[in-house]
Structures are given as C-alpha cells and as structure tokens.
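For reference, the structure is listed below as structure tokens.
The structure displayed is predicted, hence computed values, not measured ones. Just so we're on the same page: letters track the sequence lines, and every chain starts at 1.
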Amino acid sequence: GDSVTQMEGPVTLSEEAFLTINCTYTATGYPSLFWYVQYPGEGLQLLLKATKADDKGSNKGFEATYRKETTSFHLEKGSVQVSDSAVYFCALKRGETSYDKVIFGPGTSLSVIP
Amino acid sequence: DAGVTQSPTHLIKTRGQQVTLRCSPKSGHDTVSWYQQALGQGPQFIFQYYEEEERQRGNFPDRFSGHQFPNYSSELNVNALLLGDSALYLCASSPEGRSPQHFGDGTRLSIL
C-alpha cells in the first residue's frame with residue numbers, strides 16, 4: 001500500500017543553519033505531496049504542496065521539489081529560526097479530490113537553538 | 001473566517017467508557033475526515049464523511065463510529081475505550097473535489 005518514510009529525528013540545529021528533512025514515498029500513480037507542520041499543542045498546518053513531478057512547493061522560506069524519478073520530496077530551508085522548532089510531517093494524497101485520504105509519515109521533530 | 005474547530009480540547013476517560021468528540025468544519029467545506037495521532041507518530045486516517053454518509057474508512061475497529069449533520073459538522077464516537085485509544089484526535093475538512101485538507105487543533109483523549 002501507499003506509504004511515506006521520513007528521516008528519523010530529533011533534529012537539532014543552530015539558528016541560521018541549513019535544514020534538510022528527507023522524505024520518500026511509495027504510491028501507485030501520481031500522488032500529490034505535502035509537508036505539514038505541527039507546533040507544540042496545536043493541530044497540523046499545511047506548509048507547502050506539489051501536485052505533479054518537478055513542481056516546487058514553497059512557503060515561509062521552506063521549499064520542496066517533487067522528484068518522481070527518486071520518489072522523494074525533501075524539505076529544505078536555507079536559514080532556520082528558533083520559531084521553526086516543530087514537528088514536520090511529509091504526506092501524500094493519491095488524487096486531487098478530497099475523497100482521498102491523506103497518508104502521513106511518522107514526523108520529524110526539529111529543535112532550533114539560539 | 002473560523003477555521004476547523006474541535007471540542008473538547010482535552011478529555012479524560014476510563015477503560016470501557018464511551019466518548020463523543022465534535023468537529024465544525026471550516027466555512028464552505030462539506031467533507032470531514034477524522035485522524036488518530038498517537039504520541040510521537042503521524043496521524044492515521046479513521047474515516048471520512050460527506051453528505052452525511054461514511055465515504056471511506058481506515059483500518060479501525062467498529063468501536064469507532066461517526067456521524068455528519070446537515071450543517072456539515074461531525075461527531076466521532078468511540079465505544080468500550082481501551083488504554084491504546086489514548087491519542088490526539090484530529091478533524092480535517094475540505095471542499096468536495098479540492099485539496100488540501102484543513103486541520104483543527106485536535107482533542108487530546110487520555111484513557112486511565
């Protein structure tokens with residue numbers, strides 16, 4: 001079945017460091033890919049998305065490129081801030097309709113220290 | 001414009017009891033999905049409601065049931081609670097035919 005794999009955390013970085021969180025997926029067809037972020041005590045917020053191969057999603061300095069050849073959707077940010085400390089979830093959705101469930105990875109916890 | 005709202009925020013129950021969680025979708029959204037997020041894990045899909053019917057279901061036992069009302073709000077019911085049901089329960093809404101889903105802040109359910 002469809003699945004998402006993420007690099008294990010926790011990840012600890014100093015402020016202004018470069019961030020990469022690896023994500024690979026297994027799915028039939030051409031899923032839409034997402035990154036969600038969860039701050040402590042809160043629900044999930046959509047960070048960015050890509051719906052087809054070679055699309056680049058970007059938001060708040062974060063970006064990820066849909067790589068069909070490597071079935072990957074790695075999250076990157078050039079300079080992290082303390083406020084980026086959160087849990088990041090890579091996810092996929094098989095189709096564009098809301099009928100399709102979202103499949104999440106296990107999450108990667110990020111701590112940014114001053 | 002209010003987003004997805006869930007109630008209650010926190011709930012403590014004992015084994016064997018029953019619980020009802022509530023969700024109001026974002027304005028303009030007619031589809032509601034429920035997820036269970038155990039501590040340290042990603043959310044797992046429970047089921048989805050559209051037009052007051054369960055449209056899709058994940059790998060959860062029949063103890064988990066739901067309902068959607070004509071105003072699109074939804075309830076999640078869990079019977080015969082087990083310790084393993086302790087989790088954050090997330091509701092997500094979306095407009096039919098369009099992505100992505102918008103999530104509420106969840107209900108933290110603790111089973112003693």
With a cutoff of under 4.5 Å between side-chain heavy atoms, which Ile, Leu, Val, Met, Phe, Trp and Tyr residues group with B:Leu112?
-> B:Ile12
Under 6.0 Å from the CD atom of A:Glu69, do we count more than 12 heavy atoms belonging to anything else shown?
-> yes
Intermediate values then yes/no, side chain to side chain contact (heavy atoms under 4.5 Å, CB included), A:Gln45 and B:His102 | CA-CA 7 Å; A:Gln45 299 177 25; B:His102 293 251; over 6 Å; no
A:Phe89 versus B:Gly42, closest heavy-atom pair with distance | CE2-CA, 3.5 Å
Crowded around A:Glu16 CD? As in, over 12 foreign heavy atoms under 6.0 Å?
-> no
Indicate, with yes or no, if B:Phe64 and B:Leu90 share a hydrophobic cluster defined by side-chain heavy-atom contacts under 4.5 Å among Ile, Leu, Val, Met, Phe, Trp and Tyr.
-> no
Any chain of hydrophobic side-chain contacts (each under 4.5 Å) joining B:Leu21 to B:Leu88?
-> no
Between CZ of A:Phe34 and CD of B:Gln101, what distance do you get to the nearest 0.5 Å?
-> 8.0 Å
B:Asn71 atom CG, neighbour heavy-atom count above 12 within 6.0 Å = yes
Toward chain A, the part of B:Tyr35 with a non-hydrogen atom under 4.5 Å = side chain
Following the transitive rule for hydrophobic clusters with a side-chain heavy-atom cut-off under 4.5 Å over Ile, Leu, Val, Met, Phe, Trp and Tyr, establish whether A:Leu75 and A:Leu33 coincide in one cluster.
-> yes
Considering heavy atoms only, which positions within residues 103-111 of chain B lie below 4.5 Å of chain A?
-> B:Phe103, B:Gly104, B:Asp105
Is A:Phe104 reachable from B:Trp34 through a run of hydrophobic residues whose side-chain heavy atoms are each under 4.5 Å from the next?
-> no
Please check if atom CD in A:Glu8 has more than 12 non-hydrogen atoms from other residues, nucleotides or ligands closer than 6.0 Å.
-> no
One should read off an interatomic distance between A:Ile103 CD1 and B:Gln44 CD, to the nearest 0.5 angstrom, of 9.0 Å
Solution key, residues 78-85 of chain B side-chain donor-acceptor pairs under 3.5 Å, sequence neighbours excluded:
from, atom 1, to, atom 2, distance (Å)
B:Asp85, OD1, B:Arg63, NH2, 3.1
B:Asp85, OD2, B:Arg63, NH1, 2.9
B:Asp85, OD2, B:Arg63, NH2, 3.4
B:Asp85, OD2, B:Leu82, N, 2.8

Are A:Leu13 and A:Trp35 grouped together when hydrophobic residues (ILVMFWY) are joined by side-chain heavy atoms under 4.5 angstrom apart?
-> yes
Closest non-hydrogen atoms of A:Leu44 and B:Pro43, given as atom of the first, atom of the second and distance, are CD2-CG, 4.0 Å
Spacing of CD belonging to B:Gln56 relative to NZ belonging to A:Lys101, to within rounding of 0.5 Å = 6.0 Å
Among residues 105-114 of chain A, which residues come closer than 4.5 Å to chain B, judged by heavy atom distances?
-> A:Gly105, A:Pro106
If you count the non-hydrogen atoms of other residues, nucleotides and ligands that lie under 6.0 Å from OH in B:Tyr72, is the total more than 12?
-> no
A:Leu46 portion near chain B, given a 4.5 angstrom heavy-atom threshold | side chain
